[in-house]
Amino acid sequence: QEISKKEQTTKIQLDKLKTVYQKLNDDYALLVKRMERDQDNIEQLPQLQLELQKNEQLVNEMNQRRISIHELSDLFDNYTHILDDHYGYTERYKAASQKYLEMNEKYHQEDENFKCQQAGILAKTLEDNKPCPVCGSIQHPTPAHISQRVLTSQELEQLSHDVEKQKEVKEDTYQQVLLQNQRVQDIKTQITLLKRQLNIQEDLTKEVF
């Protein structure tokens, strides 16, 4: 009976050992699997790092493209505003130029009338068979006549001054048109360059953006 009791105790201990062994064996198998998985991950690490770099580069490129598109949008808005300004400057130049031409023509006409008036005043002093103080002729078949209303010398001088002022206005507006032309060309060049960088073929509109 004593031997049987020892066998029973030994059997219980053996079963416990088997349980511990099985757990250790399972833990070992799990560790082996983890090591194999980790080894696979270690082998894949260079490829994962390369993909990460590619993704980072792609993100940077997309961010840069987004920034460039915003820049292009701002340039396009400025371009449309400058075109509107350019049209306004062009119209002002046309008006200033037309006004100058009209004033200049009026000045020359009034200047001619003034000279004719002076000739008419002189003609009133002419007498037959007496020499003309200008040409010396003693015959006066077609003497000049005084116009009903001509500008005085002071008025004519003021008109000449006004013509010169209008000429300056015309030249100033022309310089503004030239400046706007340059601004239009500069911003157009920038837009063309950005469109090429972004590979945009369409004509720019709000819908395109």
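Distance OG1/Thr80 to CG/Asp85: 9.5 Å, rounded to 0.5 Å. In this structure, Gln176 CD and Glu171 CD are separated by 12.0 Å, a value rounded to the nearest 0.5 Å. The structure places OG of Ser68 at 11.5 Å from CD of Glu61, a figure rounded to the nearest 0.5 Å. For the atom pair CD of Glu157 and CG of Asp111, the computed distance is 12.0 Å after rounding to the nearest 0.5 Å. To the nearest 0.5 Å, atom CG of residue Leu72 and atom CZ of residue Phe76 are 8.5 Å apart. In this structure, OG1 in Thr19 is found 9.5 Å from NZ in Lys16, a value given to the nearest 0.5 Å.
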Go through the steps to decide whether Met103 and Lys99 satisfy the test side-chain contact (heavy atoms from CB on, under 4.5 Å), and finish with yes or no. CA-CA 6 Å; Met103 290 179 66; Lys99 186 175 180 180; 4.0 Å; yes

Between Gln57 and Gln53, is a side chain to side chain donor-acceptor pair (under 3.5 Å) present by the stated rule, with each step listed? CA-CA 6 Å; Gln57 182 179 357; Gln53 291 175 355; over 6 Å; no

As a quick check of understanding, evaluate side-chain contact (heavy atoms from CB on, under 4.5 Å) for Leu179 and Gln175, giving each step before the final call. CA-CA 6 Å; Leu179 180 61; Gln175 292 301 318; over 6 Å; no

Chi angles and distances behind the side-chain contact (heavy atoms from CB on, under 4.5 Å) call for Arg66, His70: CA-CA 6 Å; Arg66 178 179 58 83; His70 280 296; 3.8 Å; yes

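Without hydrogens or angle criteria, Ser73 side chain to Ile69 main chain gives no donor-acceptor distance under 3.5 Å. Of the possible donor and acceptor atoms, none in the side chain of Asn104 sits under 3.5 Å from a partner among the backbone N and O of Tyr100. Judged by distance alone, the side chain of Arg65 and the main-chain N or O of Leu198 form a donor-acceptor pair under 3.5 Å.
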Side-chain atoms of residues 185-197: list all donor-acceptor pairs with protein atoms under 3.5 Å, sequence neighbours left out, distances to 0.1 Å.
residue: Asp186; atom: OD1; partner: Gln182; partner atom: NE2; Å: 2.9
residue: Thr189; atom: OG1; partner: Gln185; partner atom: O; Å: 2.9
residue: Thr192; atom: OG1; partner: Lys188; partner atom: O; Å: 2.9
residue: Lys195; atom: NZ; partner: Glu202; partner atom: O; Å: 3.0

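Sorted by first and then second residue, the side-chain hydrogen bond (donor to acceptor under 3.5 Å, both in side chains) pairs involving residues 161-170 (not counting sequence neighbours) are Gln158-Asp162. Sorted by first and then second residue, the side-chain hydrogen bond (donor to acceptor under 3.5 Å, both in side chains) pairs with a member in residues 86-97 read His86-Asn181; sequence neighbours excluded. Among residue pairs with one or both ends in residues 21-44, none qualify as ring-ring contact (aromatic ring centres under 6.0 Å, His included); sequence neighbours excluded.
Residues Gln180 and Val177 fail the side-chain proximity criterion, which asks for heavy atoms closer than 4.5 Å.
A side-chain donor-acceptor contact under 3.5 Å links Gln22 and Asp26. When only modelled atom types and interatomic distance are considered, Gln109 and Glu105 share no side-chain donor-acceptor pair under 3.5 Å.
Glu51 CD: more than 12 foreign heavy atoms inside a 6.0 Å radius.
Nearest approach of Tyr107 to Val163, heavy atoms of both residues: CB-CG2, 3.9 Å.
Considering only residues two or more places apart in sequence or on other chains, Asp27 meets the salt bridge (Lys or Arg N to Asp or Glu O under 4.0 Å) condition with Lys23.
Listed by chain and number, the hydrophobic cluster partners of Val20 are Leu24, where partners are ILVMFWY side chains within reach of under 4.5 Å, directly or through others.
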